[in-house]
Structures are given as structure tokens and as C-alpha cells.
Amino acid sequence: MVRADLNVPLDGDKITDDGRVRASVPTIKALADAGARVIVTAHLGRPKGAPDPKFSLAPAAARLGELLGAEVALANDLVGESAKAVVEALTDGGVVMLENVRFDARETSKDDAERAALADELAAFADAFVSDGFGVVHRKQASVYDVAQKLPAYVGGLVDAELGVLRKLTDDLERPYVVVLGGAKVSDKLGVIANLLSKVDKLLIGGGMAYTFLKAQGHEVGTSLLQEDQLDQVRGFLAEAEKRGVELVLVDVLVTAEFGNVEHDVVGTDAIPADKMGLDIGPKSRELFASKLADAKTVFWNGPMGVFEIETYAGGTRAVAEALVKSDAFTVVGGGDSAAAVRALGLPEDGFSHISTGGGASLEFLEGKELPGISVFAKNEGDR
């Protein structure tokens, strides 16, 4: 049984970014080529603990089959009669997929006994478990944590590679070390900022979260995205950064009157009109960010600089990505929207040292948090 991360973005039933499916192939193929009968488990989206057709893994199963060059049969349930029949029909070297694990409310239950009961049913299908969904190792869930305690369990190649990269960002990094953080909410990044302030040389803040920083510095941010309840925390970060000599730089932004409006102005961060919102970092900021990245030896980037889905506001994200491609640094793109942006903007994936498959897991690792899907191996007869 392989726990993969196939939580891909969909437009209807069409996958718009198959990066996670492609990342799952090497481990699954290696097992199948060795003659194993492979049962893939995964989730997609956030169904409410019950079957929901719009969150079916059918598109992922079809794409995985294309990449493997062999059909991947999809059960229409998780541990029911269809799953039993699909598994029973498996032959050596074959691959099947069970339906979305989150169609069963026990998968994400906070009740240990409920999760364990589902894990028992899943474990009954298999002789061994391989954890290869890095995007979910920060979750204490039945198919990630509990199954690993029911079967001989192993870390897959993808998870092993991801952990190796993240350890280079914490235990064995070369300086200067620059971290670029963006995305919508500063609250999503509080822990990682707090942990990194003592480790980084430069911290570049863009995206929607930047406006909470600007407000904390006393600037008008107009109708920009703002988390008022985080202002005191951010003021503390700014004071700590100044004390440690960590640079935070943002000098201009693109503003508009209404979200999605392509007509915009470029203004300094001290001149945002009260009736406008910022949707991207400005041209001077892009140049400044690129110059700060030019001499870096290690870079971690998580979160777009603006609303990159709209071409008018994709320039900041593109500028950061292109600066990383040109850099000689060890560059890590921290999953999620950042990875999607790299592909959406048509940038070469091999221009980066590593593109992570797990944004949340990457951030929690860098926060210094325990990842249940990893720590379970230490608790269960040591690392394997």
C-alpha cells in the first residue's frame, strides 16, 4: 500500500497541474517493476467525510495510468466491496487505486480509535506500507499515521528526497540564506517566520501578507488584504528582524480599485491610496528582490508575490522565479501555489534545485514542528 499525494487542482474533471501525479510515479513504478502488487491511497480536496463525485480520484487514476503506461483501476469506494474486488483482482506488477480516503470521516478524525479502525481495514489489503505522500506527512490521519503502525512501514523515495532537501535548509546550509515568503495570509506563515528570523540573512516579503507588514510599519494599505488581528505579532517580528540585522524590503506595489481590474497604478509602499488595493509587488521591488537574491547561496521560496493567475499581476512572481533560475544558489520552491506558479508561468522546472510537492509540510518542517507521518517511523521500530 502506497500513500501518495494526488491532491491536484482540477477544472471540472481536468487536471490543471499534474506535478504531484508525476512526482508519485518513480516509487510506484519501482515497486510495480519489482513485481509488487501496488495499492495506491490518496485524497483530493476537502470532502466532508462522505462520497462527493467532484472530489473523485478518477482524473488522478487516469493520469497515473498514462504515465505508467498501464491501466490503473479505480475502486468506487475505499474499503467496501468495490475496493475488495479491485484488490483481489490485482496481479504481480499491477497498480490499483482506492477512492478518496477523505470520503470516510474516520480518515481525519481526532479520535484515535476511529482512525485506527479505518487503518485496520486498509491494512488488511496489504503486506507492507510505503509513505510517499510528502504533502500529507504533517497530518495525523489514518492513511498517513495509523496505517504505518499496522504494517511493516517504509519511507518512499519522494518523501526521503524531500526530507533530504529540507535538512539542507536547516542543518547544512550555505550563506547568505534568503527566504522569500508570499501568499495571501501572514497567519499561515507566523510559525515559520518566528523560527527563521534567527537563521536567515534576508527575508523578502510579498503577496497579500505583505500588507499586514506594511500596516504594522504604519503605512496606509487601502483596501488591500489585511489581517488586523496579526498586527501586534508582526510588529514583534519587525522589531526582532531589526535587532538581528535581517533585511525586510518592499518599496512599491501595483494597486487597483477593484480585484481583478487590469487597470492599475504603481505607487510607493508609503503612498497606497485609501480606496485601492495592492495586487502585486512593483517594478522597483522586483529589481530589489532580484538583487538580494543574486548573491544568495541558499534560497527557500514559498508563496506568490501577487495574483499571478491574472497576467497583469504575475510580474512579481515571475521576477522572483527568474531570479532564482539565474542564481547559482541552492534553490527550493516550497510547494503549493509557488510550484503551480512556476509551471503556469512556463518556467523550466529544472532551473530550480528542488520543487517541493508539499507546501504545508515544508513550512511545518521549517517551523521545527514534528511531522506525524515522519515521527511515526521513529515510534514504530525505528526508521525504515
Side-chain angles (χ1 to χ4, degrees), residues 1-10 13-15 17-45 47 51 53 55-104 107 118-137 141-144 146-148 150-162 357-358 373 384:
M1 179 166 286
V2 177
R3 181 39 160 115
D5 179 10
L6 304 177
N7 188 27
V8 291
L10 296 175
D13 60 357
K14 304 294 184 189
I15 297 174
D17 180 0
D18 69 352
R20 284 177 169 162
V21 184
R22 287 187 285 113
S24 75
V25 168
T27 293
I28 293 170
K29 187 175 188 305
L31 291 166
D33 286 350
R37 303 180 182 192
V38 183
I39 305 162
V40 179
T41 61
H43 78 280
L44 196 155
F55 294 120
S56 171
L57 283 170
R63 182 61 181 137
L64 180 60
E66 290 172 0
L67 292 166
L68 291 172
E71 182 187 1
V72 174
L74 175 69
N76 60 27
D77 56 27
L78 180 59
V79 290
E81 293 307 312
S82 176
K84 292 173 184 174
V86 165
V87 171
E88 184 67 28
L90 253 179
T91 56
D92 292 356
V95 180
V96 297
M97 190 180 297
L98 306 183
E99 189 50 285
N100 195 330
V101 293
R102 292 187 182 174
F103 284 179
D104 190 313
E107 164 71 2
L118 174 57
D120 282 333
E121 292 186 63
L122 288 169
F125 288 138
D127 303 306
F129 173 72
V130 176
S131 176
D132 208 42
F134 180 70
V136 290
V137 294
Q141 296 178 346
S143 67
V144 178
D146 300 273
V147 172
K150 308 290 184 181
L151 293 168
Y154 305 85
V155 170
L158 173 61
V159 169
D160 189 51
E162 293 270 15
T357 56
R384 289 174 291 175

S.K.: Shortest non-hydrogen contact from G358 to E162?
M.R.: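 In terms of heavy atoms, the two residues are closest at N-OE2, 4.3 Å.
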S.K.: Here's a test for you: under side-chain contact (heavy atoms from CB on, under 4.5 Å), which of V72, V130, L64, L67 qualifies with I28?
M.R.: L64
S.K.: If I take atom CG from residue L158 and atom CZ from residue F134, how far apart are they, to the nearest 0.5 angstrom?
M.R.: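 Reported to 0.5 Å precision, the distance equals 8.5 Å.
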S.K.: Can a donor-acceptor pair be found, under 3.5 Å and without considering hydrogens, that links the side chain of E107 to the backbone of Q141?
M.R.: no
S.K.: Within the structure provided, determine whether L6 and V40 are in side-chain contact (heavy-atom separation under 4.5 Å).
M.R.: yes
S.K.: Would you please test V87 and L98 for side chain to side chain contact (heavy atoms under 4.5 Å, CB included) and show each step?
M.R.: CA-CA 9 Å; V87 171; L98 306 183; 4.2 Å; yes
S.K.: Does some side-chain heavy atom of V101 sit less than 4.5 Å from a side-chain heavy atom of R3?
M.R.: yes
S.K.: For residues D77 and E81, report the shortest heavy-atom separation together with the two atoms involved.
M.R.: OD2-N, 3.3 Å
S.K.: State, yes or no, whether a side-chain contact exists between N100 and L78 at a heavy-atom distance under 4.5 Å.
M.R.: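 No, their side chains stay 4.5 Å or more apart.
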S.K.: In chain order, what residues pass the side-chain contact (heavy atoms from CB on, under 4.5 Å) check against V86, with sequence neighbours excluded?
M.R.: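 Testing V86 for side-chain contact (heavy atoms from CB on, under 4.5 Å), a comparison that skips the adjacent residues, returns A73, A75, S82, V96.
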S.K.: Identify the residue among L68, L90, L31 that makes a side-chain contact (heavy atoms from CB on, under 4.5 Å) with V95.
M.R.: L68
S.K.: Can you give me the closest heavy-atom contact between A4 and S24, atom names plus distance?
M.R.: CB-CB, 4.2 Å
S.K.: Can you check whether H43 reaches F103 side chain to side chain, under 4.5 Å on heavy atoms?
M.R.: no
S.K.: Do V79 and L118 touch side chain to side chain, with heavy atoms closer than 4.5 Å?
M.R.: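 A side-chain contact exists here, since the closest heavy-atom pair is under 4.5 Å.
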S.K.: Test of understanding: with salt bridge (charged side-chain N to carboxylate O under 4.0 Å, His left out), list the residues that count as partners of D160, not counting sequence neighbours.
M.R.: none
S.K.: Let me confirm one number: the CG-CE distance from L57 to M97, rounded to the nearest 0.5 Å.
M.R.: 6.0 Å
S.K.: For A148 and A153, work out which heavy atoms get closest and say how close.
M.R.: O-CB, 3.5 Å
S.K.: Should P59 and V8 count as side-chain neighbours, where that means a heavy-atom distance under 4.5 Å?
M.R.: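 A side-chain contact under 4.5 Å is absent here.
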S.K.: Mind checking the CG-CZ spacing from N7 to R102? Nearest 0.5 Å is all I need.
M.R.: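 Between N7 CG and R102 CZ, I get 6.5 Å after rounding to 0.5 Å.
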S.K.: Is atom CD of E71 surrounded by more than 12 heavy atoms (other residues, nucleotides or ligands) closer than 6.0 Å?
M.R.: no
S.K.: Which atom names give the shortest non-hydrogen contact between V137 and S131, and what distance separates them?
M.R.: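 The pair with the smallest heavy-atom distance is CG1-OG, 4.1 Å.
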S.K.: Looking only at non-hydrogen atoms, find the nearest pair between G133 and V159 and report the distance.
M.R.: N-CG2, 3.8 Å
S.K.: What's the separation between atom CG in D5 and atom OG1 in T41, rounded to the nearest 0.5 Å?
M.R.: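 D5 atom CG to T41 atom OG1 measures 10.5 Å (nearest 0.5 Å).
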S.K.: Are side-chain heavy atoms of K150 and F129 found at a separation under 4.5 Å?
M.R.: no
S.K.: State whether the side chain of E99 and the backbone N or O of L74 hold a donor-acceptor pair below 3.5 Å, judged by distance alone.
M.R.: no
S.K.: Distance check, rounded to the nearest 0.5 Å: I39 atom CD1 versus M1 atom CE?
M.R.: 4.5 Å
S.K.: Just verifying a value: how many Å separate R20 CZ and L44 CG, rounded to the nearest 0.5 Å?
M.R.: 9.5 Å
S.K.: Are any non-hydrogen side-chain atoms of F55 and L10 less than 4.5 angstrom apart?
M.R.: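 A side-chain contact under 4.5 Å is absent here.
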S.K.: Can you tell me which residue pairs pass the side-chain hydrogen bond (donor to acceptor under 3.5 Å, both in side chains) test with a partner in residues 25-38, sequence neighbours excluded?
M.R.: T27-D132, K29-D33, R37-D92
